Asks: 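This structure is in structure tokens; I'll ask about it shortly.
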Amino acid sequence: MVSSHGRRGIRAQSFVTWHDDQVTAHQAETITNRTDATARAVIECAADAIVAFGTDRTVLLWNPAAERMFGWTAAQVVGLEPPIIPEELKAEHNAVLERVRGGGQISFATRRIRKDSTVIDLRIDTSALINGIGEVTGWVNVCHQTGEDDVARHYMAERARVVRRLGDVVADMNAQRDLESVLDRIAASLRELTSADAGGFVLIEDDMLRLVSAAGLPARLRGRTATLSKSLVGELMQSGKTVMMATGESGGFDDLIWSALPGLHTIALSLSHVAGKPYGALYALYSRRKLSHVELELLELLAGHAGVALTNAMAFEEVVRQRAHERAIIDGSADGIAVLDGAGLVREWNPAAHRITGMPGPEAIGKPPPFPLPDPGAMLTHKLPNGRWLDVLCTSLADSGELVIDFRDVTAAKELEEAKDLFLATTSHELRTPITVVQGFASTLASRWDQLADPERRAAVCTIAERAGSLGRLVEQLLLGSRAGADQLPVSNGPFDLGAVLHGATTAFRPLSDKHVVVADIPADLPTASGDTMATDIIVGQLLENAFKYSPDGGAVRVSARVTGEIGAGETEPGGGWIEVTVEDEGIGIADGDHERIFDRFVQGETGDRRRFGGVGIGLFIVRRLAQAQHGEVTASSRPAGGTIMCLRLRVAARGEG
């Protein structure tokens with residue numbers, strides 16, 4: 001049964017035309033009714049499925065053969081969008097309807113969906129539904145279920161041909177490396193594949209579109225812009241689809257980029273994605289010919305391949321930019337940088353390498369570098385024949401087998417280090433004589449004690465003893481610093497009672513200042529440490545001395561110890577855990593940037609009040625070297641509330657060690 005809606009659609013087409021002068025009005029009405037009844041009977045009895053659509057793309061008519069073919073009844077589909085069209089073929093369906101809008105008929109092979117979700121192959125004859133005054137009121141589709149008939153074979157042959165053309169175009173497009181060349185090839189390929197009268201590619205830039213390539217359009221249009229939200233591209237993005245077609249009855253469109261194409265009547269466009277986001281859109285413009293569903297599908301395929309080609313071109317340009325950036329960094333580096341091939345021969349040699357070694361690039365290329373190489377990841381210090389000292393660092397590139405060599409001129413630092421070593425040795429030697437004199441004078445005073453007044457004797461003895469003690473400590477510190485610089489520290493590692501060392505140090509320092517309060521937070525079950533008792537005592541003493549020295553206004557000095565990391569039950573070597581000792585004061589703290597520098601020889605903080613406390617700046621250098629000699633480490637940090645936290649880390653002694 002055909003619905004009334006469907007009957008109105010059929011009647012509107014006027015199957016027979018009568019002249020008023022041939023019959024009476026009553027006879028004409030009788031003949032018309034009889035004709036309509038005949039037409040309805042033909043449609044309802046037809047073996048082929050007949051489906052009519054209105055201009056709003058909803059179903060007007062759905063005959064019994066359509067019910068049998070697709071499974072939906074007329075009552076279920078009339079007045080609604082047809083449920084039989086696969087999502088990927090909706091663009092094809094709309095393109096066919098638009099093509100026959102002006103008259104004529106198209107027969108094409110395609111697929112449709114049944115109610116049970118199965119897909120059937122059909123040949124569909126499509127024609128326009130025109131009323132008595134020549135207006136298009138809809139379309140009629142006559143559906144024939146097909147097998148391997150001539151139409152299907154022709155359709156597949158055409159598909160194979162355009163796929164081959166598309167493959168050739170895509171290969172050519174992907175062969176381009178320059179982004180601008182890729183964009184121009186995309187626009188040219190569009191006209192070649194879709195037979196469009198003109199085409200172009202627009203980039204999406206925030207809320208703007210910019211035409212970056214065009215074919216069949218004036219060159220002056222390149223660079224023109226339009227507002228994305230008011231364009232067809234914006235409409236397409238909002239729809240969630242990747243392809244759409246638009247027609248203009250007057251031949252004009254709101255998107256003014258294309259206004260230079262005379263007679264423009266149809267625009268098809270498809271989005272291209274890069275990195276999963278819309279990057280641009282491909283336009284196909286028609287002013288002389290119609291757009292078919294095959295060409296619309298080709299446009300969508302080309303847009304997808306264009307996204308791939310653009311991704312490749314952008315990646316290539318990024319590599320080129322990155323290499324240029326790296327080359328600028330290498331050429332501008334103050335360090336000498338060389339790249340060696342797998343045979344150890346120089347492939348690249350930057351300007352700084354020339355300045356440092358005196359060897360120009362052309363002379364260095366293809367030869368081994370003029371200095372030995374350390375193991376990858378290690379550093380080597382080497383003296384060149386011209387007297388310059390180099391620190392050489394080597395890095396291996398696993399994927400290519402190449403070596404990157406970074407070397408810098410450390411001649412000035414080396415000379416300074418040697419001068420400091422000489423200063424230490426000389427100062428240590430020179431200070432022994434005054435110490436001996438002071439100690440001898442003290443002995444003389446002791447032997448002539450009765451000849452001097454009591455106040456004189458006491459003042460002299462105290463002064464001599466104080467100076468001798470200070471000089472003695474300075475000498476010992478200088479000697480220890482010299483040995484530390486030569487890696488000759490007298491350290492003998494083994495298990496020792498760290499808790500006892502900490503308690504002894506805090507007890508010894510408590511009476512030395514009435515401004516400071518020494519607080520010990522040392523667990524009774526602190527495990528045995530791996531290291532040297534004497535070296536650790538020197539470290540803790542130096543840290544406490546610094547805490548007193550750099551907190552002149554007094555305050556609390558806290559010595560804490562705790563175990564960090566897990567201690568394995570079966571450990572046979574140090575490394576199963578760490579003991580962390582912290583000495584925390586409330587003094588002037590350490591300036592930003594000095595937390596590592598204070599461990600260098602002859603260095604104190606460069607800012608704040610630290611300079612006024614005197615000293616030669618060797619104590620913390622010795623502390624770090626002593627810690628490292630025990631396979632430990634010492635670091636410095638600032639307290640948030642002011643002051644300094646010095647942290648010593650030593651290994652927990654392994655079971656059976658010693």
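Note that the structure is predicted; figures quoted are calculated from it, not measured.
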Asks: Parallel under 30°, tilted from 30 to 60°, perpendicular over 60°: which one fits the rings of Y279 and F201?
Replies: tilted
Asks: Answer yes or no: is there a side-chain heavy-atom contact under 4.5 Å between M379 and P374?
Replies: no
Asks: Answer whether the closest heavy-atom distance between the side chains of V59 and L80 falls below 4.5 Å.
Replies: no
Asks: Could you walk me through whether V100 and S127 pass side-chain contact (heavy atoms from CB on, under 4.5 Å), step by step?
Replies: CA-CA 6 Å; V100 300; S127 58; 5.9 Å; no
Asks: Distance-only, no hydrogens or angles: does the S272 side chain make a donor-acceptor pair with backbone N or O of G280 under 3.5 Å?
Replies: no
Asks: Looking at every heavy atom in both G366 and L345, which two are closest together, and how far apart are they?
Replies: O-CD1, 3.7 Å
Asks: Might you point out which heavy atoms bring R99 and I106 nearest each other, and give the distance in Å?
Replies: CD-CD1, 3.1 Å
Asks: According to salt bridge (charged side-chain N to carboxylate O under 4.0 Å, His left out), does anything in residues 53-63 pair up with another residue at least two apart or in another chain? List the pairs.
Replies: R57-E98
Asks: Other residues, nucleotides and ligands only: do more than 12 of their heavy atoms fall within 6.0 Å of CD on E81?
Replies: no
Asks: Listed by chain and number, what are the side chain to side chain contact (heavy atoms under 4.5 Å, CB included) partners of K90, not counting sequence neighbours?
Replies: I85, E87
Asks: For the backbone of I133 and the side chain of N131, can you confirm whether one donor and one acceptor N or O come within less than 3.5 Å of each other?
Replies: yes
Asks: Is it the case that the side chain of W62 and the backbone of W72 share a donor-acceptor pair, with hydrogens and angles ignored and the cut-off at 3.5 Å?
Replies: yes
Asks: Is a side-chain donor or acceptor of N63 paired with a backbone partner of V42 at a separation under 3.5 angstrom?
Replies: no
Asks: Rounded to the nearest 0.5 Å, what separation is found between the CZ atom of R112 and the NE2 atom of H93?
Replies: 6.5 Å
Asks: Please assess V142 against I124 for the test side-chain contact (heavy atoms from CB on, under 4.5 Å), listing each intermediate value before the final yes or no.
Replies: CA-CA 6 Å; V142 180; I124 299 179; over 6 Å; no
Asks: If you measure from CG on N141 to CD1 on I84, what distance do you get to the nearest 0.5 Å?
Replies: 7.5 Å
Asks: How many angstroms lie between CG in D125 and CD in Q105, if you round to the nearest 0.5 Å?
Replies: 5.0 Å
Asks: Looking only at non-hydrogen atoms, find the nearest pair between A46 and A65 and report the distance.
Replies: O-CB, 3.4 Å
Asks: Indicate yes or no: at least one non-hydrogen side-chain atom of M208 is less than 4.5 angstrom from one of L228.
Replies: no
Asks: Is there a donor-acceptor pair closer than 3.5 Å between any side-chain N or O of N350 and the backbone N or O of I337?
Replies: yes
Asks: With rounding to the nearest 0.5 angstrom, report the OG1 to CG distance, T395 to D406.
Replies: 7.5 Å
Asks: Is W139 close to V96 at the side-chain level, that is, under 4.5 Å between some pair of heavy atoms?
Replies: no
Asks: Would a 4.5 Å heavy-atom cut-off, applied to side chains only, mark T137 and L60 as touching?
Replies: no
Asks: For L340 and L373: C-alpha separation, side-chain torsions, deciding distance, then whether side-chain contact (heavy atoms from CB on, under 4.5 Å) applies.
Replies: CA-CA 11 Å; L340 311 185; L373 300 180; 3.5 Å; yes
Asks: Of the non-hydrogen atoms in G361 and W349, which two are nearest, and what is the gap between them?
Replies: CA-CD1, 3.6 Å
Asks: So how far is it from I120 CD1 to M69 CE, rounded to the nearest 0.5 Å?
Replies: 5.5 Å
Asks: Check V233 against A281 and note the closest heavy-atom contact, atom names and distance.
Replies: CG2-CB, 3.7 Å
Asks: Would you compute the distance between atom CG of L393 and atom CG of D335 and round it to the nearest 0.5 angstrom?
Replies: 9.5 Å
Asks: Can any side-chain N or O of R111 pair as donor or acceptor with the backbone N or O of D121 at less than 3.5 Å?
Replies: no
Asks: When you compare the side chain of F70 with that of C143, does any pair of heavy atoms fall below 4.5 Å?
Replies: yes
Asks: Testing the basics here: between P368 and V346, what is the closest heavy-atom pair and its distance to 0.1 Å?
Replies: C-CG2, 4.3 Å
